[in-house]
Amino acid sequence: MADTYSESATPAELAQLNQLLYGFVTSQAIYVAANLKIADLIGDVPKTTEEVARATKAHAPSIRRLLRMLTSVGIFAEDENGRFQQTRLSALLHSDHPRSARALAVLCGSPFFWRPWGELQGAVLEGRSAFEQMFGASLFEYYASHPDDAAIANAGFNSASSIDAPTVVAAYDFSRFERIVDVGGGHGGLLHAILTANPKLRGVLADQPAVVAGATVLRTGSVASRCEIQGVDFFVSVPEGADAYIMKWIIHDWNDEDSLRILRNCRNAIRSDGVLLIVDSVLKPPNEPDPGKLMDLNMLVMAPTGRERTESEFRGLLSKAGFSLTRFIPTVGTLSIVESRPT
Ligand code: SAH
């Protein structure tokens with residue numbers, strides 16, 4: 001029986017399974033390269049193992065093995081002289097790349113984010129947060145008492161935003177609005193991109209006081225004069241009277257009950273002719289490849305009050321909060337824009 005099974009698998013299928021199975025190796029290897037800033041170090045000039053080892057204070061034979069593994073997945077390339085050079089993929093791990101994923105890679109492999117994945121089975125069997133089980137606090141409570149890890153998380157979200165923000169800006173016409181509030185806008189990466197692309201638009205960044213303190217990108221440069229920054233608790237209220245409210249990666253953090261509290265506060269604050277834009281994954285039908293389904297499992301492990309939602313789940317939630325869903329707008333990235341209006 002076993003033989004029949006192994007003979008019926010193609011080499012390509014076995015290779016695919018192998019690659020999926022050892023995904024954790026790739027994930028952690030990318031994290032280490034990002035944390036040690038190897039892409040920054042290599043820059044435009046190929047480096048020998050010894051140069052990389054010296055600059056990162058690493059064990060030279062071991063960092064060579066790390067780099068060799070990464071070249072096998074297109075991150076860095078080794079030239080004929082044994083020097084490592086940048087590739088298009090490794091360039092995305094450079095801190096200065098406009099869509100740098102470095103901080104996101106650091107977040108994904110950081111111990112507080114990585115270790116709970118070892119407890120996925122408990123989360124699946126019992127429906128509880130692996131993170132809470134391990135650290136005795138919810139993710140946001142943990143951030144409040146661990147500022148170093150909170151800084152890693154905020155930088156990671158900002159990095160993800162710098163990857164997603166251009167796709168959101170390209171997918172939607174924000175120029176018809178006067179004032180847009182980014183509810184839970186983090187360090188302001190998305191708002192910065194929206195205001196830069198729409199020179200008449202004014203914006204408000206609303207997030208927890210400790211988080212907006214880090215919104216340096218909005219305090220300087222061309223958008224500063226068109227931007228207000230407010231520390232808020234969105235379970236209490238959000239800034240009033242704007243004609244557009246946007247929330248990226250917010251509703252997916254919460255169950256329906258908590259999401260409704262946030263949405264109803266938006267409903268109370270929005271102008272009657274306003275538009276609410278939820279930017280999240282919208283789950284695709286079964287069997288379709290979907291980064292949203294990956295993110296949904298991430299929510300189960302990290303913050304099980306959160307979840308990704310299907311089109312009909314968004315429709316139902318919005319209607320309970322006094323909004324009517326008008327459109328789903330896909331982006332070329334992993335997120336969609338769910339547009340609704342107050343009823
Ligand atoms: N919109 C940003 C950040 C998403 S992470 C982005 O797409 O990158 C979720 C955000 O919700 C965090 O910035 C967090 O500080 C914020 N948040 C969580 N609880 C909050 C609360 N009670 N009031 C305001 N913001 C809150």
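For ligands, and for the atoms within them, numbers begin at 1 and follow the listed sequence. What you see below is based on every heavy atom in this structure, not just the backbone, and it leaves out hydrogens, waters and symmetry mates.
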Discussion item. Tell me whether ligand 1 is touched by Leu190 - counting only heavy atoms on the residue side and a distance under 4.0 Å.
Written reply: no
Discussion item. Within the supplied structure, the quantity of interest is the number of heavy atoms (other residues, nucleotides, ligands) at a distance under 6.0 Å from Gln19 CD; does it exceed 12?
Written reply: no
Worksheet item: What atoms in ligand 1 come closer than 4.0 Å to a heavy atom of Ser161?
Response: 6 (C), 7 (O), 8 (O)
Practice prompt. Check for a donor-acceptor pair, side chain of Ser129 on one end and backbone N or O of Ala303 on the other, with a separation under 3.5 Å.
Written response: no
Worksheet, complete the sentence: protein heavy-atom neighbour closest to atom 11 (O) of ligand 1 works out as Ile250 CD1, 3.5 Å
Worksheet entry | Heavy-atom donor-acceptor pair, Arg309 side chain to Ile251 backbone, under 3.5 Å | yes
Practice prompt. Looking only at distances, please establish whether an N/O atom of ligand 1 is found under 3.5 Å from an N/O atom of Asp233.
Written response: yes
Worksheet entry | Backbone of Arg179 reached by a side-chain donor or acceptor of Asp243 within 3.5 Å | yes
Worksheet entry | Closest approach of any protein heavy atom to atom 20 (C) of ligand 1, naming residue and atom | Phe234 CZ, 3.3 Å
Worksheet entry | Trace of the side-chain contact (heavy atoms from CB on, under 4.5 Å) decision for Arg226 with Val223 | CA-CA 5 Å; Arg226 289 184 281 131; Val223 305; 3.9 Å; yes
Worksheet entry | Interfacing atoms of ligand 1 (cut-off 4.0 Å, heavy-atom, Trp249) | 4 (C), 7 (O), 9 (C)
Worksheet item: In the protein, which heavy atom is nearest to atom 15 (O) of ligand 1, and how far is it?
Response: Asp207 OD1, 2.6 Å
Worksheet, complete the sentence: Taking only non-hydrogen atoms of Val232 and a 4.0 Å limit, the atoms of ligand 1 in range are 23 (N), 24 (C)
Worksheet, complete the sentence: In Val275, Ile246, Asn198, the residue satisfying side-chain contact (heavy atoms from CB on, under 4.5 Å) with Phe177 is Val275
Worksheet item: Is any NZ, NE, NH1 or NH2 atom of the basic residue among Lys293 and Asp296 found under 4.0 Å from an Asp or Glu carboxylate oxygen of the other?
Response: no
Worksheet item: Between Gln208 and ligand 1, does any nitrogen or oxygen pair lie at a separation below 3.5 Å?
Response: yes
Discussion item. Pair Trp249, Met295 - check side-chain contact (heavy atoms from CB on, under 4.5 Å), show working.
Written reply: CA-CA 11 Å; Trp249 270 3; Met295 186 58 79; 3.7 Å; yes
Worksheet item: Could an N or O of ligand 1 be found under 3.5 Å from any N or O of Val211, whether backbone or side chain?
Response: no
Fill in: Atoms in ligand 1 flagged as close to Phe235, the criterion being non-hydrogen separation under 4.0 Å
22 (N)
Worksheet entry | Residue from Arg83, Gln85, Arg64 passing side-chain hydrogen bond (donor to acceptor under 3.5 Å, both in side chains) with Glu78 | Arg64
Discussion item. Polar contacts were defined as any N/O atom of the residue lying under 3.5 Å from an N/O atom of the ligand; does this apply to Gly184 and ligand 1?
Written reply: yes
Discussion item. I'd like to check whether Lys248 has a polar contact with ligand 1, where a contact means an N/O of the residue lying under 3.5 Å from an N/O of the ligand.
Written reply: yes
Worksheet, complete the sentence: Short version for Val279: what comes under 4.0 Å of ligand 1, heavy atoms counted, is neither
Worksheet item: Any N/O of Trp254 closer than 3.5 Å to an N/O of ligand 1?
Response: no
Fill in: Within-4.5 Å side-chain heavy-atom neighbours: Ser90 and Ile42
no
Practice prompt. Write out the residue and atom name of the closest protein heavy atom to atom 9 (C) of ligand 1, then the distance separating them to 0.1 Å.
Written response: Asp253 OD2, 3.5 Å
Response to the item:
ligand 1 to Gly186, heavy atom cutoff 4.0 Å, flagged ligand atoms 13 (O)
Discussion item. When you measure from the side chain of Thr331 to the backbone of Leu335, do you find a donor-acceptor pair of N or O atoms at a distance under 3.5 Å?
Written reply: yes
